[in-house]
Amino acid sequence: MKDTLIAFIGGGNMTRSIVSGLLADGVPAGRLRIAEPDTERRTALQRDFDVTVHADNSTTAAGADVVVLAVKPQVLQTVARDLASELAGSKALAVSIAAGVRSADLARWLGGAVPVIRAMPNTPALLGCGAAVLYAGPGATAHHRELAESILRAVGSVSWITDEMQMDTVTALSGSGPAYFFLLIEAMADAAASAGLDGGLARLLAVETALGAARMAIESGEDIAVLRRRVTSPGGTTEAAIGTLEQRGFRELVDAALAQAAARSRELAEQLGDD
Ligand SMILES: NC(=O)c1ccc[n+]([C@@H]2O[C@H](COP(=O)([O-])OP(=O)(O)OC[C@H]3O[C@@H](n4cnc5c(N)ncnc54)[C@H](OP(=O)(O)O)[C@@H]3O)[C@@H](O)[C@H]2O)c1
């Protein structure tokens, strides 16, 4: 991995996070390159990470072992088609982190001979605690999977799926998921503030409770339902709240929300995949 030359196309938030994670993992700055059209952002990337930066995507990708495509989904087709000739004779692996773009579409835009791995990271990757899901697309070998995994692991956990259609459910769960938790935290804090608690304290308690619950879920390794039952004593306060949530259709609501997000993800993939 330390000898792998990695080129990032797009020097935005996600690239910043991954580069910073890779450097912390001991990857030499000399093995990382970033293409970024914005001059100020390019200068900042060079200054902050001491990596090679270019305005031009092909120059950045030339000779790279891995090309990480980290541009917005809407510009990925143009970016990939422009890179196709540079990558045609190379041995480079393309790793796309663009939401919603299917691997077969990307492989086609890259000319059909470039191995492709599709990744779905999520926003907490910006803090190094993301949850990414990867799918090995056309032409990707076990070696390519290892390369992609070691790159995404720099910003959190990595899991694999073998059916790309599941990427829509992953998008609905972990991709959009941070926002659901923000909404729940917001609603809990607002409810407590409406009941008279200081707004700042309500926010702090809601956030710390979310963090504590997530840590308990990870560190105990217990079934989530077991953890919930353990804090739900018969006739107690938690049971009163959980009972209200269940009776008023909380699970059905979450189910409908995820189904709606997955449907939207499928729709976007269709639109983005159009030639
Ligand atoms: N942020 C997340 O939490 C998250 C989560 C999951 C997936 N993703 C995916 O990750 C990708 C990157 O996200 P991000 O948050 O890092 O976005 P971002 O901050 O907007 O970064 C994209 C960068 O690419 C630059 N760019 C635009 N056109 C380009 C071109 N033709 N060639 C090279 N660079 C170009 C952009 O410049 P301009 O701003 O000047 O256009 C910007 O600096 C997206 O596809 C997104 O779907 C992000």
Side-chain angles (χ1 to χ4, degrees), residues 6-22 32-49 51-62 64 66-84 86-87 94-103 105-106 109-110 116-135 148 151-159 161 167-182 261-262 264-265 267-269 271-273:
I6 308 170
F8 291 84
I9 308 299
N13 294 319
M14 219 18 120
T15 288
R16 271 194 160 266
S17 308
I18 300 175
V19 164
S20 144
L22 289 171
L32 305 175
R33 289 186 199 152
I34 305 174
E36 169 55 49
D38 184 89
T39 313
E40 265 179 42
R41 220 170 288 160
R42 215 167 44 243
T43 309
L45 287 161
Q46 212 280 326
R47 184 194 59 222
D48 296 347
F49 300 122
V51 295
T52 308
V53 294
H54 296 286
D56 182 65
N57 293 346
S58 294
T59 311
T60 309
V66 185
V67 178
V68 180
L69 298 158
V71 293
K72 290 270 185 254
Q74 296 78 0
V75 298
L76 184 56
Q77 178 168 175
T78 310
V79 165
R81 287 189 186 282
D82 288 348
L83 279 173
E86 182 60 56
L87 298 183
V95 176
S96 163
I97 62 165
V101 177
R102 293 192 177 134
S103 62
D105 290 320
L106 177 59
W109 300 335
L110 287 169
V116 165
I117 287 183
R118 177 180 170 192
M120 180 66 209
N122 65 357
T123 320
L126 304 178
L127 301 178
C129 57
V133 172
L134 273 58
Y135 170 76
I151 293 171
L152 269 301
R153 220 187 301 114
V155 285
S157 75
V158 172
S159 309
I161 51 170
M167 213 41 122
D168 298 312
T169 307
V170 166
T171 303
L173 179 61
S174 53
S176 303
Y180 315 156
F181 286 102
F182 295 145
R264 182 68 187 132
S265 170
E267 224 172 73
L268 289 172
Q271 285 167 18
L272 290 165

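Just follow the structure's listing: the first ligand is 1, and inside any ligand the first atom is 1.
Under 4.0 angstrom from ligand 1, the non-hydrogen atoms of Asn57 all belong to its side chain. Of the heavy atoms in Arg16, none comes closer than 4.0 Å to ligand 1. Residue contacts with ligand 1, taken as heavy atom pairs separated by less than 4.0 Å, involve Val79 solely via side-chain atoms from C-beta onward.
Heavy-atom contacts of Pro73 reach the following atoms of ligand 1: 44 (C), 45 (O), 47 (O) (cutoff under 4.0 Å). Close contacts between ligand 1 and Pro121 involve ligand atoms 5 (C), 6 (C), 7 (C) [criterion: under 4.0 Å to a heavy atom]. Against a heavy-atom cut-off of under 4.0 Å, Thr123 is close to the following atoms of ligand 1: 3 (O).
Ranked by closest heavy atom to atom 36 (C) of ligand 1, the top entry among Met14, Glu40, Arg41 is Arg41. Considering only non-hydrogen atoms, atom 15 (O) of ligand 1 lies nearest to Asn13 out of Asp56, Thr15, Leu126, Asn13.
Between Val51 and Gln46, the closest heavy-atom pair is O-CG, 3.4 Å. Smallest separation of non-hydrogen atoms from Gln77 and Leu272: NE2-O, 4.0 Å. What you find for Leu152 and Pro121 is that their closest heavy atoms are CD1-CB, 4.4 Å. Considering all non-hydrogen atoms of both residues, Trp109 and Gly273 come closest at CZ2-CA, 4.1 Å.
In this structure, atom 21 (O) of ligand 1 lies nearest to the protein heavy atom Gly12 CA, 3.2 Å. The single protein non-hydrogen atom nearest to atom 17 (O) of ligand 1 is Lys72 NZ, 3.1 Å, given as residue, atom name and distance. Of the protein's non-hydrogen atoms, the one nearest atom 25 (C) of ligand 1 is Glu36 OE1, 3.5 Å. Atom 12 (C) of ligand 1 has Ala70 O, 3.3 Å as its closest protein atom, hydrogens excluded (heavy atom only). In terms of protein heavy-atom proximity, atom 7 (C) of ligand 1 is nearest to Ile97 O, 3.4 Å. Nearest protein heavy-atom neighbour of atom 24 (O) of ligand 1: Gly10 CA, 3.3 Å. With hydrogens left out, the protein atom closest to atom 47 (O) of ligand 1 is Ala99 N, 3.2 Å, a heavy atom.
Geometrically, ligand 1 and Val75 share no nitrogen or oxygen pair separated by less than 3.5 Å. At least one N/O-N/O distance between Val71 and ligand 1 falls below 3.5 Å.
There is no protein heavy atom less than 4.0 angstrom from atom 41 (O) of ligand 1.
Close to ligand 1: Pro37, with a non-hydrogen atom less than 4.0 angstrom away.
Between Ile151 and Ile18, some side-chain heavy-atom pair lies under the 4.5 Å cut-off. Ser96 has its side chain out of reach of Val116: every pair of non-hydrogen atoms, C-beta onward, lies at least 4.5 Å apart. No side-chain heavy atom of Phe49 sits less than 4.5 Å from a side-chain heavy atom of Leu32. Using a 4.5 Å heavy-atom cutoff, the side chains of Met167 and Ile161 are in contact. A heavy-atom distance below 4.5 Å is found between the side chains of Leu106 and Leu69. Put simply, the side chain of Leu83 reaches to within 4.5 Å of the side chain of Ser58, judged on heavy atoms. Two residues are said to be in side-chain contact when any heavy atoms from C-beta on lie closer than 4.5 Å; Arg16 and Asp48 meet this criterion. Counting only heavy atoms from C-beta outward, the side chains of Tyr135 and Met120 never approach each other to under 4.5 Å.
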